[in-house]
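I have placed the structure first, in the form of structure tokens, so that the comments after it can refer back to it.
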Amino acid sequence: MNNNRSFNTINLKDYKPYPYFIKHIDLQFDLSIKVTKVTNKMYVERKSDFADCTDIILYGEGIKLLNISINNIDIDDSQYSIKGNALIIKEIPSKSFIEITNECFPDKNFSMMGLYLSNDNFFTQCEPEGFRRITWFADRPDVMSKYTVTLKADKKYSTLLSNGNLKYKKSIDCNRTEAKWIDPFPKPSYLFALVVGNFNIRETEIKTISNRNVNLQIYSEEPIYYTEWAMQSLINAIKWDEKKYNLELDLDRFMLVAVRDFNMGAMENKGLNIFNSSCIISSYETSTDSDYKNIEAIVAHEYFHNWTGNRVTCRDWFQLSLKEGLTVFREQEFVSDMISENLNGDISNSARAIKRIEDVVYLRSNQFPEDSGPMAHPVRPEQYKEISNFYTSTIYEKGAEIIRMQCGLLGSEKFSLAINKYFQLYDGHAVTCDDFINIVESIYCGKNRNDYFKKFKNWYTQAGTPTVVVEIDYDHKTKSCSINLSQYCDKVGIEKEENKEKEPFFIPFSIALFDKNGNAYKVISDEENLSIINETITLEFFQEKQKWIFKEITDFPILSLLRNFSAPVKVKYKYHDNDLEVLSLHDNDYFAKWEAVQELAMTQILNILDQMHLGLDLQINNNFISVYNEILINKNLYCGYKAKILTIPNEKMISERLQVINPCYIAMAHDFLISKIGEQLLPLWINTFVENQDYDESYSIDLYHKRMLKNLAIKYIMASGTSNMCDIFEEDFYRSKNMTNCIALLSSIVNFGNFNISNKALSFFYNKWHKNHIVMDKWFSIQASSRKKNLNDIKELMNNKYFTFKNPNRVRSLIFQFCASNSRGMHNNDGSGYDFWAEQVITLDCLNQELSSSLVRILDNWSRLIPTLKNKALNSFLKIYNRNDISRNVFEIVEKSLTIK
């Protein structure tokens, strides 16, 4: 590779504290669509450790400097300089009032970072480095300030919001309105927000745990009818955090705002959370059960940030998982509790397992591939060129799994003590991942604390997914068995260029031993480095190899491994004949039971792929169908859990099991297995559909899970090729008033129905919903991912009047869905899919670098494609790389991707 472009690499080892306190910032906005004037008054105080530092460096991007004054005296350009994005003000006093006036240009800001417009309303997005697009500032998370914000805008805007509490709102002349907001808590600049526009407001008042009255508000362009579920989710999250961790809402009001044009799901700005409208707007007619579930999770996630992220924030962006991993864990636990709180006994346990399974599927589909790809990085990265590229599933979901392991080490009660100690020590501070784990270590009272936590910290500093190799030896004479574990983790990403050897991880590895009849052995052991609760044995595995011996095991045991997914690792173990069938039917750990069925299905898919490569007739194992049969007829299994356990592994998870990837073959093998499951169990699937049929329009956990199983049955029935049920499904589609059922039916019709029925259904849906932007995203998405839609179909959809590159949701629903989920169209033998992908990356990069860099990452695993596809993908990467105008975001990813060609 020869390219003379260079972007600075930021290294963790180079971190230095900012030389100044900026204790207070007073911002005044004179808002206008074309040119907004910002006056920034900062009180700056030099830190005692930096007595020799007399210059201050501030950052700005895409803004126009008008004036600078220090202690009310204007300075000229001899006292400051601008180098790139850095403003250097020279020879400032140790204590200074610095006032900077600048302009920014909302209507030209398509990046949606900083101050921008959506439907002529003003919004901000400042994480990670968007504040510098508003005004000149230090713009780093360890600079925490108290903010006073004054907003002046045209009287046509009824809503003027910022962080904290409203001081006043008043008319200042015939055409202008002014509002002043004061945030009593210091915060980093990435948590600043303003919203100015016209919105409908839903509000309610609740009492906190200390009997304080707090006003909750949701602002949206949609009627307040559509924000009822979001408000209930917010109330539930507030009450859960009080009960679980004794964390109380600390402001007089808490506001959520919905915006159509947004790069992400939502943003946790202190007291003023801004949401992608798709993550807050809902109704039974327009939203699926999954939408309701996602809204509940995202609202909770952003609220939980009020403490884990806002009151205590990260010292630098390398510590991003400190707030995100911890908050994702809290979100996951909240959703699990919401799922199971109204259910009893074993149904409650299996319902909680549904959430655990969903989280693991996401991790394996997104984070595991990331961990083996060119952008692989530790949970606490060592370096980056563009921090926006590190808002990844490694930081979020793997980070959450690391927190979960710490919770498991301490137990729930002691983990709550750790959380409380964390806030006692660091409230109002910007801290590191080490600060958190050191608290966990201080509370842990096990024998091997130093060894455990020395190895545990490797989860933060080493990239890649560890593999645990399991071997078992059984002695018939002594009736004892030994479990032997070994671990390894391949070098990935930048580690491949280094000589440093990897250290072992601390891995809590939960297992159980079963007999041939599916009965769990009651294990008693005097071994060290393990804990036993009921039949589950958690092996505390922290060396390259370890061995545990268990006695009074009357026969060669069947191993149930990685119960409840006790660690984010891969497992290598050779199961004996029929072991997986026994676990599938008898394992009492619902995650491990699901895992056994998944492994059976994966074995079938891998066998089908082998048959395809050898040109053999395709067939599947009858024992596998028998397991599905037994699960389907089991009346004691909860309907939602049945839906999860009977869903086969997705194409991304299949790819992770292969050294060389042929996406079209994987899609064909995947579809063949679905068709055979549908065909051979057709009467049972029809019965399942009938038993779970509903015409209820509302949302509840029970209805969600019931519909999940019913709609899975529809998919299998349609895939089987039978025509007997098609008329019924088509009739249900046209009369459905519930979006979950409507989307499931439309998806099955588009994927498995004939051309005329499919087009008729799509036209009906379009004519009914074309004015609803959230529902139309679903219409685009279903077609983009359909096995029957090709690249020409996608290009035709791009000409639809409702497609636009300026709306991230619309781009994700069509272009992202096609590139990520349509294997046949994207991975076409002629390479046209890759050329299309490169063209869209280049187009988006001129508008929105957050989107373009995300699109690039869809081909992270390109180097493992079969040779003919790999060469074509390489050519498309080079088309992007050889341009001189690509962003730093895209350049970093493409450069790393090309190093592994």
Report, as yes or no, whether the 6.0 Å neighbourhood of atom NZ on K715 holds more than 12 heavy atoms from other residues, nucleotides or ligands.
no
Parallel, tilted or perpendicular: which fits the ring planes of W548 and F541, with parallel below 30° and perpendicular above 60°?
perpendicular
Going by distance alone, is a donor N or O of one side chain under 3.5 Å from an acceptor N or O of the other, for S560 and D587?
yes
If you count the non-hydrogen atoms of other residues, nucleotides and ligands that lie under 6.0 Å from CD1 in I533, is the total more than 12?
no
From the list I661, I605, I666, side-chain contact (heavy atoms from CB on, under 4.5 Å) partner of E651 resolves to I666
Would you check, one step at a time, whether the test side-chain hydrogen bond (donor to acceptor under 3.5 Å, both in side chains) holds for N861 with K652?
CA-CA 10 Å; N861 63 4; K652 288 183 179 179; over 6 Å; no
Would you please indicate yes or no on a ring centroid separation below 6.0 angstrom for Y396 and Y362?
no
Check L637 against Y590 and note the closest heavy-atom contact, atom names and distance.
CD2-CE2, 4.2 Å
Does one side chain, of S480 or D475, offer a donor that lies under 3.5 Å from an acceptor on the other?
no
With no hydrogens and no angle check, just 3.5 Å: does a side-chain donor-acceptor pair link T538 and S510?
yes
Begin from the C-alpha positions of Q332 and R356 and carry the test side-chain hydrogen bond (donor to acceptor under 3.5 Å, both in side chains) through to its verdict.
CA-CA 8 Å; Q332 290 172 348; R356 190 71 184 122; 4.8 Å; no
Does atom NZ of K516 have more than 12 heavy-atom neighbours, drawn from other residues, nucleotides or ligands, at distances under 6.0 Å?
yes
Assess the residue pair Y716 and L681 against the criterion (side chain to side chain contact (heavy atoms under 4.5 Å, CB included)); give the C-alpha distance rounded to whole Å, side-chain angles, the decisive distance to 0.1 Å, and a yes or no.
CA-CA 9 Å; Y716 280 122; L681 296 172; over 6 Å; no
If you look at every heavy atom in L530 and E527, which pair is closest and at what distance?
CD2-CB, 3.7 Å
Are F556 and H476 near enough that their ring centres are under 6.0 Å apart?
no
Which class fits the ring pair Y575 and Y573: parallel under 30°, tilted 30 to 60°, perpendicular over 60°?
perpendicular
Using the rule salt bridge (Lys or Arg N to Asp or Glu O under 4.0 Å), only one of E656, E370, E595 pairs with R364; which is it?
E595
Over 12 foreign heavy atoms within 6.0 Å of CD, Q693:
yes
F816 ring center near F818 ring center (under 6.0 Å)
no
May I ask you to check whether H705 and Y641 place their ring centers less than 6.0 Å from one another?
no
Is the shortest heavy-atom distance from the side chain of F565 to the side chain of W594 under 4.5 Å?
no
Hey, do the aromatic rings of F689 and F729 have their centres closer than 6.0 Å?
yes
Side chains of D589 and N564: any donor to acceptor distance under 3.5 Å?
no
Under 3.5 Å, is there a donor-acceptor pair between the S393 and N366 side chains?
no
A side-chain contact here means heavy atoms from C-beta on lying under 4.5 Å apart; do N607 and Q611 qualify?
yes
Is it true that, when you exclude K479 itself, more than 12 heavy atoms of the residues, nucleotides or ligands shown sit nearer than 6.0 Å to its NZ?
yes
Of all the heavy-atom pairs spanning P466 and W459, show the shortest one and how long it is.
CG-CH2, 3.7 Å
Quick check: closest heavy atoms across M405 and P508, and the distance to 0.1 Å?
SD-CD, 3.5 Å
K547 with E471: basic N within carboxylate O range, under 4.0 Å
no
For F506 and F542, take the angle between the two ring planes, folded into 0 to 90°, and tell me which bin it lands in: parallel under 30, tilted 30 to 60, perpendicular over 60.
parallel
Closest heavy-atom contact between L485 and F509?
CD1-CD2, 3.9 Å
Would you kindly say whether S321 and Y460 are connected by a side-chain donor-acceptor distance under 3.5 Å?
no
Just distance, no hydrogens or angles: give the donor-acceptor pairs under 3.5 Å from side chains in residues 626-635, sequence neighbours left out.
{"from": "S626", "atom 1": "OG", "to": "N622", "atom 2": "O", "distance (Å)": "3.1"}
{"from": "Y628", "atom 1": "OH", "to": "L646", "atom 2": "O", "distance (Å)": "3.2"}
{"from": "N634", "atom 1": "OD1", "to": "N636", "atom 2": "N", "distance (Å)": "2.8"}
{"from": "K635", "atom 1": "NZ", "to": "E691", "atom 2": "OE2", "distance (Å)": "3.3"}

Looking just at side-chain N and O atoms, do Q604 and N621 make a donor-acceptor pair shorter than 3.5 Å?
no
With no hydrogens and no angle check, just 3.5 Å: does a side-chain donor-acceptor pair link Y638 and K706?
no
Sequence neighbours left out, what passes salt bridge (Lys or Arg N to Asp or Glu O under 4.0 Å) with D359? Give chain and number order.
K355
Does the ring center of H670 lie less than 6.0 Å from the ring center of F672?
no
S525 to I532 - nearest heavy-atom pair and separation:
N-CD1, 4.2 Å
